[in-house]
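The structure under discussion is supplied below as structure tokens; questions concerning it will follow.
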Amino acid sequence: MLAEEDILKQVGGLATIPVKNYFEVRNIRKNMLAKILDIALDKVKEDDKILTIDADWISDFWDKAKNISTEETQKIWGSILYFNFVNGTCTKTLLNALYLIEKRGIYDFELIRKFTFQQAQDSIKVYSCIYFMDESKMYKELGLHKYSFHYLSTIGLVEYDWNHKFILPRQKLVLKYGDRIVKLKSEQRLEYGNVRLTSDGSLLHNALKQVCNQDYLDFCIRKWEENGGTVIIDNN
């Protein structure tokens, strides 16, 4: 069975739309749920192994997604649907966060993601290098404020600690930032700031296309080196 057909077979009876085959989905784009499904199908690769997803999760997904009308938000829901079919890791709590998130929260989360690195050995683990208490002026100029993190924490995508910084798990660590490999080495584990993504926030980050910015990467490198770290950057 083709990957696209495998997805359609699983969602066909639960999407509340008359889905019988892939081409029919293409012909009913005006339906919001069909648009989200279409976005997910556009991401399917020939060699994808489609997992069997819990029917309750799919039902909850469609129930929460049925009123998603903006194109930007539909892309996020479509990405989550595809990501779950190939990874099987998305949670109902993540669906709830997506249901609750407002436009401003999406903007703030995208900014945070520009400071976020994946662990090369385990791409599910991510580290958002946000040194807000040290560099609050810079973040505020970008549009990130304390209430940005508080709002995202209330819906379960981030957590923060203004009194202590989070630290990386090892003294030697290989991270990914887009197509860059970032090799870190230090005498002690490096701090990576006051803010980190929760497990649901990490899942959402990984489900979406990586957003990178050279200036933000340079900033993080400078902070690591200020803290005594050695940084080597390679192209992947």
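Values in this document were obtained by computation on a predicted structure and should not be read as measured data. Throughout, residue positions are numbered sequentially from 1 according to the sequence presented.
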Stepwise side chain to side chain contact (heavy atoms under 4.5 Å, CB included) check, L8 with L41: CA-CA 9 Å; L8 286 168; L41 293 174; 4.1 Å; yes

If we only count heavy atoms from C-beta on, is the Q119 to P169 side-chain gap below 4.5 Å?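 Yes; the side chains approach each other to less than 4.5 Å.
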
Are more than 12 heavy atoms from other residues, nucleotides or ligands located less than 6.0 Å from atom NZ of K92? yes

To the nearest 0.5 Å, how far apart are CD1 in I155 and CG in L98? 8.0 Å

Quick check against the 3.5 Å criterion: does Q210 have a side-chain atom that pairs as donor or acceptor with the backbone of Y177? no

To the nearest 0.5 Å, what is the distance between OG on S202 and CD1 on I124?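 Reported value, rounded in 0.5 Å steps: 8.5 Å.
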
The reported gap from CD in E226 to CG in L190 (rounded to nearest 0.5 angstrom) is 12.0 Å

Pair Y139 + F149: ring centers closer than 6.0 Å: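 No: the rings miss the under 6.0 Å criterion.
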
On a heavy-atom basis, which atom in R170 and which in L173 lie closest, and how many Å separate them? NH2-CD1, 3.2 Å

Side-chain (D48) to main-chain (K45) donor-acceptor, under 3.5 angstrom: yes

If hydrophobic clusters are built from ILVMFWY residues whose side chains come within less than 4.5 Å, do W57 and I39 share one?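 Each belongs to a different hydrophobic cluster.
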
Could you tell me whether the side chains of S123 and N206 share a donor-acceptor contact shorter than 3.5 Å?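 Per modelled atom types, S123 and N206 side chains form no pair under 3.5 Å.
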
Are side-chain heavy atoms of K183 and V231 found at a separation under 4.5 Å? no

Run the salt-bridge test on K9 and E5 with the 4.0 Å N-O cut-off and return the result as yes or no.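 Salt bridge: no.
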
Hey, mind stepping through L217 and F117 against side chain to side chain contact (heavy atoms under 4.5 Å, CB included) and telling me if it holds? CA-CA 9 Å; L217 174 60; F117 300 75; 3.6 Å; yes

Is it possible for you to say whether F109 and Y107 belong to one hydrophobic cluster, with membership spreading through side-chain heavy-atom contacts below 4.5 Å?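 Yes.
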
Between L203, L175, L197, which is the residue that forms a side-chain contact (heavy atoms from CB on, under 4.5 Å) with V126?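 Per the side-chain contact (heavy atoms from CB on, under 4.5 Å) rule, the option paired with V126 is L197, out of L203, L175, L197.
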
Are the side chains of L142 and F115 in touch, meaning some heavy atoms are under 4.5 Å apart? yes

For E71, look at atom CD and say whether over 12 heavy atoms of other residues, nucleotides or ligands are found less than 6.0 Å away. no

Could you report the tightest heavy-atom contact between A40 and L81, atom names first, then the distance? CB-CD2, 3.8 Å

Give a yes or no on this: more than 12 heavy atoms of other residues, nucleotides or ligands lie within 6.0 Å of atom CD of E187.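 Result for CD/E187: open.
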
Would you check if L157 and I101 make a side-chain contact, meaning some heavy-atom pair closer than 4.5 Å?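 Yes, at least one pair of side-chain atoms sits under 4.5 Å.
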
Out of curiosity, does M138 fall in the hydrophobic cluster containing L111 (side-chain heavy atoms, cut-off under 4.5 Å, transitive links)? yes

Sidechain-backbone polar pair: T73 side chain, I68 backbone, donor-acceptor under 3.5 Å: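 Checked: no pair found.
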
In terms of hydrophobic clustering (I, L, V, M, F, W, Y; side-chain heavy atoms under 4.5 Å; direct or indirect links), are I130 and W162 co-clustered? yes

So, does S153 use its side chain to make a donor-acceptor pair with the main chain of H150 at under 3.5 Å? yes

Neighbour count above 12 (heavy atom, 6.0 Å) for H145 NE2: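 Result for NE2/H145: enclosed.
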
What's the spacing between R189 CZ and L168 CG if we round to 0.5 Å?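 So the gap between those two atoms works out to 8.5 Å.
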
S148 versus G143, closest heavy-atom pair with distance: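 Result for this residue pair: OG-O, 3.9 Å.
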
Quick check: are there more than 12 heavy atoms from other residues, nucleotides or ligands sitting under 6.0 Å from NZ of K43?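 Open.
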
Kindly say whether Y160 contributes a backbone atom to a donor-acceptor pair with the side chain of N194 at under 3.5 angstrom?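 No; judged by distance alone, with no hydrogens or angles, the pair does not exist.
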
Quick check: do V11 and F61 have side-chain heavy atoms less than 4.5 Å from each other? no

Here the pair of heavy atoms bringing Q121 nearest to V174 is OE1-O, 3.4 Å

Using a 4.5 Å cut-off on heavy atoms from C-beta on, say whether the side chain of Y216 contacts that of V211.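 SC-SC contact between V211 and Y216 ruled out.
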
Would you compute the distance between atom SG of C90 and atom CG of D54 and round it to the nearest 0.5 angstrom?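 Rounded to the nearest 0.5 Å, the SG-CG separation comes to 13.0 Å.
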
Measure the shortest side-chain to side-chain distance between K146 and M133 over non-hydrogen atoms and say whether it is less than 4.5 angstrom.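 Counting from C-beta outward, K146 and M133 do come under 4.5 Å.
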
In terms of side-chain geometry, is the basic nitrogen of E110 or R113 positioned less than 4.0 Å from the acidic oxygen of its partner? yes

Keeping the roles fixed (side chain from Q10, backbone from I53), state whether a donor-acceptor pair exists under 3.5 Å.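 Yes; at least one donor-acceptor contact below 3.5 Å.
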
May I have the step-by-step check of side chain to side chain contact (heavy atoms under 4.5 Å, CB included) for W77 and L95, ending in yes or no? CA-CA 9 Å; W77 282 83; L95 296 183; 4.0 Å; yes

Determine the sole option in F132, Y127, Y131 for which the ring-ring contact (aromatic ring centres under 6.0 Å, His included) test with Y192 is passed. Y127

Is E46 atom CD crowded by more than 12 heavy atoms from other residues, nucleotides or ligands, each under 6.0 Å away?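 Incorrect, the count does not exceed 12.
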
Start with the C-alpha gap between I112 and L152, add the side-chain angles, then the distance that decides, and say whether side chain to side chain contact (heavy atoms under 4.5 Å, CB included) holds. CA-CA 11 Å; I112 293 171; L152 291 173; 3.6 Å; yes

4.5 Å side-chain heavy-atom contact, F83 and L208: no

Would you call R104-D108 a salt bridge at under 4.0 Å N-O?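 A salt bridge links R104 with D108.
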
Roughly how far apart are C129 SG and R196 CZ, rounded to 0.5 Å?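 It is 12.5 Å, given to the nearest 0.5 Å.
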
Donor-acceptor under 3.5 Å (N84 side chain, I80 main chain): no

So, for S79 and A207, which heavy atoms are closest and what is the spacing to 0.1 Å?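 Minimum heavy-atom separation between S79 and A207: CB-O, 3.6 Å.
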
Take atom OH of Y99 as the centre, draw a 6.0 Å sphere, and report whether it contains more than 12 heavy atoms from other residues, nucleotides or ligands. no

